[in-house]
Amino acid sequence: HVWLLAAGIIVTVTFLIPYTLILLLAPWIQAKSHLKAFAWINKLKPFLDAYQAPFKDQYRYWPGVLLMVRVVLYLMFIINDGKDTSVNLLDINLILCFYAIVSNRLSVYKNWPLSVLENYFLINLIFLSCTLLYIKDSPTYSKILISSGGISLVVLLGIIIYHVYVQLKGNNFLKQHVSQKIKRDR
């Protein structure tokens, strides 16, 4: 087990901690990128923009906050060590409720549909963990789990269809190709 512990510590120190800190501190490091010590952050700008683009400028650190919430949850699970799953579920509920309240109060996203989607998935996760915590032995639990998963899958498919539609709508090459094909078929 010592080798697994060592591998876990190495991966955490080399990947997880720097990744989380870069996402969390990137807006402040980018503000100081004119200094030679912080010039390396400019090379990561396309990578960081992919994470930070949906957020308002004053909340571009929010992806780092999301990772910190995950780290806190992982630490709680490790500390509990699987002895009592109800404690883990209660932790999930409390942290996600706190996160949802803070996220809504700050209004971190540029577009309201993104806030609606995040709130839907957070409420769904809170609902599922509450259901597991309180009525896991009930026969209705599996029905609730299946319906919640099905609705989430439909929402995810809707998001994918929307993105495909937007890409096809803005693709001039595809429009020209289809119009030429229609002209040839006539």
Side-chain angles (χ1 to χ4, degrees), residues 4-82 87-130 148-149 152-153 155-164 166-167 170:
L4 291 175
L5 176 69
I9 290 172
I10 289 170
V11 167
T12 301
V13 169
T14 57
F15 296 115
L16 183 66
I17 293 173
Y19 179 70
T20 303
L21 288 177
I22 286 172
L23 283 178
L24 186 64
L25 302 175
W28 296 287
I29 296 173
Q30 284 176 333
K32 304 289 184 193
S33 66
H34 63 280
L35 300 173
K36 192 173 185 176
F38 299 117
W40 57 269
I41 198 76
N42 292 330
K43 293 179 183 177
L44 296 176
K45 181 126 176 72
F47 170 76
L48 294 172
D49 283 344
Y51 280 100
Q52 299 170 343
F55 300 101
K56 293 179 182 175
D57 289 339
Q58 66 264 31
Y59 301 115
R60 291 180 71 91
Y61 61 87
W62 203 252
V65 171
L66 290 173
L67 284 174
M68 292 300 290
V69 167
R70 288 182 185 147
V71 167
V72 168
L73 283 173
Y74 292 149
L75 288 175
M76 287 182 174
F77 293 159
I78 290 170
I79 290 169
N80 188 21
D81 197 25
V87 172
N88 288 342
L89 292 170
L90 189 61
D91 292 343
I92 289 173
N93 287 333
L94 292 175
I95 289 174
L96 289 179
C97 286
F98 177 74
Y99 170 77
I101 291 168
V102 169
S103 176
N104 284 326
R105 294 282 294 160
L106 294 178
S107 182
V108 295
Y109 288 102
K110 290 179 184 175
N111 302 327
W112 66 268
L114 296 175
S115 288
V116 170
L117 283 172
E118 182 183 37
N119 287 331
Y120 165 73
F121 285 114
L122 280 173
I123 290 169
N124 188 25
L125 187 58
I126 292 168
F127 175 71
L128 284 176
S129 61
C130 284
S148 177
S152 295
L153 182 64
V155 169
L156 181 64
L157 289 174
I159 293 169
I160 292 170
I161 290 169
Y162 170 75
H163 283 289
V164 168
V166 167
Q167 289 299 318

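Source: prediction; values computed, not measured. Computation of the quantities below employed the complete heavy-atom set of this structure, encompassing side-chain atoms and omitting hydrogens, waters and symmetry-equivalent molecules.
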Stepwise, does the side-chain contact (heavy atoms from CB on, under 4.5 Å) test hold for Y99 with L66?
CA-CA 9 Å; Y99 170 77; L66 290 173; 2.7 Å; yes
For the pair I95 and V69, evaluate side-chain contact (heavy atoms from CB on, under 4.5 Å) and give the outcome as yes or no after the intermediate values.
CA-CA 8 Å; I95 289 174; V69 167; 3.6 Å; yes
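Between L16 and V11 the shortest side-chain heavy-atom distance does not fall below 4.5 Å. Side-chain contact between M76 and V72: present, with at least one pair of heavy atoms (C-beta onward) separated by less than 4.5 Å. Residues N104 and N119 have side chains in contact (heavy-atom distance under 4.5 Å, counting atoms from C-beta outward). Using a 4.5 Å heavy-atom cutoff, the side chains of F121 and V155 are in contact.
To the nearest 0.5 Å, atoms CG (L153) and OG (S148) are separated by 11.0 Å. Put simply, CZ on F127 and CG on L122 are 15.0 Å apart, with the number rounded to the nearest 0.5 Å. Considering CG of N93 and CG of L125, their distance stands at 8.0 Å, rounded to 0.5 Å. Note that the CG atom of L96 and the CG atom of L128 stand 11.0 Å from one another [nearest 0.5 Å]. With rounding to the nearest 0.5 angstrom, the CG atom of L156 is 10.0 Å from the CD1 atom of I161. N111 contributes atom CG, which lies 10.5 Å from atom CG of L117 (distance to the nearest 0.5 angstrom).
A donor-acceptor pair is defined here as one N or O able to donate and one able to accept, closer than 3.5 Å; such a pair exists between the side chain of S33 and the backbone of Q30. Remark: the backbone N or O of I126 is paired with a side-chain donor or acceptor of S129 at under 3.5 angstrom. Listed for the N124 side chain is no donor-acceptor partner under 3.5 Å among the backbone atoms of Y120.
Shown here for P18 and T12, the closest heavy-atom pair between the two residues is CD-O, 4.2 Å.
Every pair passing ring pair (Phe, Tyr, Trp, His ring centres under 6.0 Å) that includes a residue from residues 28-48 is listed here, sequence neighbours excluded: W28-Y61, F47-Y51. Residue pairs meeting the salt bridge (charged side-chain N to carboxylate O under 4.0 Å, His left out) criterion with at least one member in residues 58-74, sequence neighbours excluded: D49-R60, D57-R60.
Surrounding NZ of K32 are at most 12 heavy atoms belonging to other residues, nucleotides or ligands under 6.0 Å away. In the displayed structure, Q58 atom CD is contacted under 6.0 Å by more than 12 heavy atoms of other residues, nucleotides or ligands. Annotation for Y19: atom OH counts as buried by contact number, over 12 foreign heavy atoms lying within 6.0 Å.
The only option from I41, L48, L35, L21 that meets the side chain to side chain contact (heavy atoms under 4.5 Å, CB included) definition with I29 turns out to be I41. A side chain to side chain contact (heavy atoms under 4.5 Å, CB included) with V108 holds for exactly one of S103, S115, P54; it is S103.
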